[in-house]
K.L.:
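Got a structure for you, written out below as structure tokens; questions coming shortly.
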Amino acid sequence: MFAMTRTALRTARFHFGRSRKIPLLGWGTWFLIAALFPAGACAQEEAVEGLFVTVPNPITSEASNRVKEITNRAINKFKSEDAKAPGGGRKTFTIVLDFSPSNNGPSSTPDFGACYELAKHLQRLQDVNTVAFLHGEVTRHTVLPVVACRQIVMSSEAKIGDVLGDAANAQDDVDLERDTYKRIIKDRRCPAVVLKMLDPDMVVLKAKNLKDGGEWFIDQRLKDEEQKNGIGAIEPEPVVPRGKGTTLYTAKEARDLGLCQRIKESRQEVAAAYGLPPTSLREDPLMGRTPVAWRIDVNGVFTQGLAETLERRIRRAVGQNANLIILQISCAGGDTQAAREFAEFLRGLSKDDPPVMTIAYIPDKAPDTATFVALGCNAIVMKKDAVLGDFSSVVHERQGNKLVDAQPGKYQSTRDSLKGLAEAQGYSGLLAEAMLDRDLVLYQVVPRKGARKWQLVTEQDLKADKASADPQWTNELLVKPAGEFLTLKSDKAKELELAQYEVDGLPALYELYGLNPSQVRTSGPDWLEQFADFLVHPLTSFFLVMIGIVCLILELKLSGVGLPGVISAVCFILFFWSHSHVAGQFTILAILLFILGLVLIGLEVFVLPGFGVAGISGTVLVIASLALVTLDKKPETTQEWFSLGRTLATFSLSLLAAIIAAMTVAWYLPYIPYLNRVMMKSEDELDDSGEGPSPDLIQPHLAALLGAIGVAATPLRPAGKVKFGDEYLDVVAEGSFVQPGIRVQVIEIEGNRVVVKEV
């Protein structure tokens, strides 16, 4: 308040202190002025708003109509808002038309009619400052709408001219086009400078307009006529000689001839030169099309799975011709990296063909990850008293039951990421940096020269400017003091041009964009997402894992690949798929660990003796993979580690219960009617009726071996060969690994399958 009063007093002294008409002005009056005119109120006589529009190359009738629709809608919207604002009617609107394609190649249009229609439209715009921005070569009739603009800005590499090109137009057509160019540039351009681009034989001379003393250029052939019209001091040496090669002006030549007003290298420089807000750099992706709006709610903790769900919903809406997506943001916490990547996805929508516009609507609060999502949209609209910012979940960490400040290095990457996103979207990077930098002090200042538009500067830069011999800024206003992180309420966010609009609610937003609420569709969860939500429930996950392990053990214990194996595979596929919506980046790692664990367990059962390192490692990996797939990010706080421990305990209990259940089922299954038929059996085990082994299938010499004792000729793992007298037979060992040379006894014969055990 003190800073505002001090600045207002300084402004009051500037306006009244030296006036002889008001010799006495008491301090009471000055304080009244300070209250009525806060800092910066008198520093900027009029506010400037604007819009950048890319003009397609080449210019067709469709492209011309699209540009006209975009500009008309933007102007009407601007006038409507300006009329409602206090003291409305004092603002100006600037439209910057970018006539160069993105690859900086030539922008050239042979179609005179389409260019003429666009030029007429630009010429008729009233109370609008039209600026043509060229950062490449502009030739043929694309020149016509360029010269129809009030001002022209060129980059140092840009060129303009050569209207005729290599076209062999009829003389009547050339005369008609010349007359059209004259009408378009009337009262805006020096005719000779523009018409030279259509007439290689013209010689341009420099002269002076005797009416206002300004610099002027004439056609040498019209020298006598120009003198009668008040043009004098004509220099004999031509500034542009005869020749076709002289019909293409460089940026410097165009500026010297008064055709180009400024030389700027980028859109950012053009916006700064004309005092345009950062939002002007983001074009209207609707491009004049009738909006087809969908609303999508962004709720809960932001994870990679939520990002994938939102992307799928947006793609589904776009597939049904949506071109305007309203994201109602109410999320908080989660993975800031996933939120940053989702913001890039949103930015890419405006570059699709056709482009899609995104609006972030903040009804209450938009902390941490929600801020990333909002900055990724084309526009931010906030409900009154809503809050943008608050990264307390990032800058604080829990130590026991207390929240303490984390080391700045721990969230440096988050700060850099947020700042980069803000700058890519045309916002001030200092605002984003202040949300994650407690010590950063920000001021709002107004340049003393050039565009009278406020800027954001740090305290260090402001002190350095004040200490210089020629200060560049004035009317400083404190935005963020030291010792706190920046959060912005809706009114302040709009003032600092981070939020584009402040509304009373969602209906007001619809009205703002001319939307019929009954026609705004909502993209909610489909049946697949609802099914995934059911599967990811802790109780459902517990039973999926338990059933999967039970069936897996049964499949390993019983012969053949049958129903238990299929059920186990389905259970684990559903488990990993459903949790992939939550874990996202951890899913692939979890699946690989799970497979590795099964391989190690298989090696322990079928190859290696006993239950050692492989079996224990495999069991640990299986449990770890099941727990890993439930994570959305690396555990950092004590609470998150405890949560991971509970998950591991749950799955360990599930594994134990599954083993007990599997052993029980395996023991009683052969004796349960009907259920004992669900297992697939080999052909040797089936008789003609398919109901089991037939005694007739057991070879007589094998039947005589029951109870016989032999010596293991090879390792039994569990299959191998055993020597009975002089005969070697293929057998299967029951229980542990059997070394060669160990005595074994036949305990069971099933068809051709001989089961032995160590004696």
Side-chain angles (χ1 to χ4, degrees), residues 1-4 7 38-40 268 272 277-279 281 329 332-333 336-337 339-340 343 360 362 365-377 380 382 385-397 403-447 453-466 472-473 475-500 502:
M1 181 65 186
F2 175 75
M4 295 172 61
T7 306
Q268 285 77 10
T279 52
L281 297 173
I329 303 175
T336 55
Q337 180 60 31
R340 176 66 163 87
I362 303 173
K365 294 181 180 180
D368 41 71
T369 51
T371 303
F372 276 96
V373 176
L375 290 177
C377 295
I380 299 176
M382 300 178 67
D385 297 327
V387 178
L388 181 66
D390 186 6
F391 281 78
S392 57
S393 64
V394 176
V395 300
H396 294 153
E397 62 182 11
L403 284 176
V404 298
D405 285 354
Q407 294 297 323
K410 290 187 176 181
Y411 52 86
Q412 178 67 42
S413 60
T414 303
R415 180 171 58 188
D416 295 342
S417 178
L418 186 68
K419 181 180 179 181
L421 175 61
E423 292 176 342
Q425 288 290 79
Y427 299 113
S428 171
L430 289 175
L431 287 177
E433 193 173 354
M435 291 182 180
L436 286 153
D437 191 340
R438 186 190 298 275
D439 299 324
L440 184 66
V441 180
L442 284 186
Y443 282 90
Q444 203 173 350
V445 298
V446 176
K453 183 185 181 303
W454 63 265
Q455 299 176 10
L456 286 174
V457 298
T458 63
E459 184 180 37
Q460 292 83 352
D461 292 338
L462 182 60
K463 288 181 178 179
D465 181 71
K466 286 183 176 181
Q472 302 297 315
W473 300 317
N475 289 23
E476 66 270 12
L477 175 64
L478 181 64
V479 174
K480 176 196 168 297
E484 63 183 45
F485 296 100
L486 179 66
T487 57
L488 298 172
K489 293 189 69 174
S490 56
D491 54 348
K492 193 63 177 178
K494 185 175 185 299
E495 178 187 335
L496 295 176
E497 297 177 347
L498 201 57
Q500 198 163 1
E502 182 185 24

K.L.:
Could you list the donor-acceptor pairs under 3.5 angstrom formed between side-chain atoms of residues 482-493 and any protein atom two or more places apart in sequence or on another chain?
P.N.:
from: S490; atom 1: OG; to: D385; atom 2: N; distance (Å): 2.9
from: S490; atom 1: OG; to: E502; atom 2: OE2; distance (Å): 2.7
from: K492; atom 1: NZ; to: E495; atom 2: OE2; distance (Å): 3.4

K.L.:
Is it the case that Q337 and R340 place a side-chain donor and acceptor less than 3.5 Å from each other?
P.N.:
no
K.L.:
Distance check, rounded to the nearest 0.5 Å: E459 atom CD versus Y443 atom OH?
P.N.:
5.0 Å
K.L.:
Using 4.0 Å as the upper bound for N to carboxylate O, is an ion pair formed by D390 and K365?
P.N.:
no
K.L.:
So, taking the atom named CG in L436 and the one named OG in S417, what distance separates them when rounded to the nearest 0.5 Å?
P.N.:
10.0 Å
K.L.:
Show the nearest heavy-atom pair for residues Y411 and V394, with the distance to one decimal.
P.N.:
CB-CG1, 3.5 Å
K.L.:
How many angstroms lie between CD1 in I329 and OG1 in T369, if you round to the nearest 0.5 Å?
P.N.:
9.5 Å
K.L.:
Report the residues that fulfil side chain to side chain contact (heavy atoms under 4.5 Å, CB included) with A366, sequence neighbours left out, ordered by chain and then residue number.
P.N.:
I362, A370, L388
K.L.:
Side chains of P447 and Q472: closer than 4.5 Å at any heavy-atom pair?
P.N.:
no
K.L.:
Looking only at non-hydrogen atoms, find the nearest pair between M382 and A499 and report the distance.
P.N.:
SD-CB, 3.7 Å
K.L.:
Holding to side-chain hydrogen bond (donor to acceptor under 3.5 Å, both in side chains), I want the full list of residues that pass it with T336, two or more places apart in sequence or in another chain.
P.N.:
none
K.L.:
Using the rule given for side-chain contact (heavy atoms from CB on, under 4.5 Å), can you reason through L375 versus T371, listing the C-alpha separation, both sets of side-chain angles and the distance that settles it, and then say yes or no?
P.N.:
CA-CA 6 Å; L375 290 177; T371 303; 4.2 Å; yes
K.L.:
May I have the step-by-step check of side-chain contact (heavy atoms from CB on, under 4.5 Å) for V441 and K480, ending in yes or no?
P.N.:
CA-CA 5 Å; V441 180; K480 176 196 168 297; 5.7 Å; no
K.L.:
Are L421 and F372 close enough, and set up right, to give a side-chain contact (heavy atoms from CB on, under 4.5 Å), and what steps lead you there?
P.N.:
CA-CA 8 Å; L421 175 61; F372 276 96; 3.9 Å; yes
K.L.:
Does W454 form a side-chain contact (heavy atoms from CB on, under 4.5 Å) with N475? I'd like the steps, not just the answer.
P.N.:
CA-CA 9 Å; W454 63 265; N475 289 23; over 6 Å; no
K.L.:
Provide the full list of salt bridge (charged side-chain N to carboxylate O under 4.0 Å, His left out) pairs with a residue in residues 416-432, sequence neighbours left out, each pair given once.
P.N.:
K419-E433
K.L.:
Measuring from Q500:CD to C377:SG, what's the distance to the nearest 0.5 Å?
P.N.:
11.5 Å
K.L.:
Is a side-chain donor or acceptor of D368 paired with a backbone partner of G333 at a separation under 3.5 angstrom?
P.N.:
yes
K.L.:
Not counting sequence neighbours, which residues clear side-chain hydrogen bond (donor to acceptor under 3.5 Å, both in side chains) with T414? List them please.
P.N.:
none
K.L.:
Do T458 and L442 have side chains that approach each other closer than 4.5 Å (heavy atoms only, starting at C-beta)?
P.N.:
yes
K.L.:
Strictly distance-based, threshold 3.5 Å: is any side-chain N or O of Q444 a donor or acceptor partner for the main-chain N or O of L456?
P.N.:
no
K.L.:
Minimum heavy-atom separation for F391 to L418, with atom names?
P.N.:
CZ-CD2, 3.6 Å
K.L.:
What residues form a salt bridge (charged side-chain N to carboxylate O under 4.0 Å, His left out) with D465, not counting sequence neighbours?
P.N.:
none
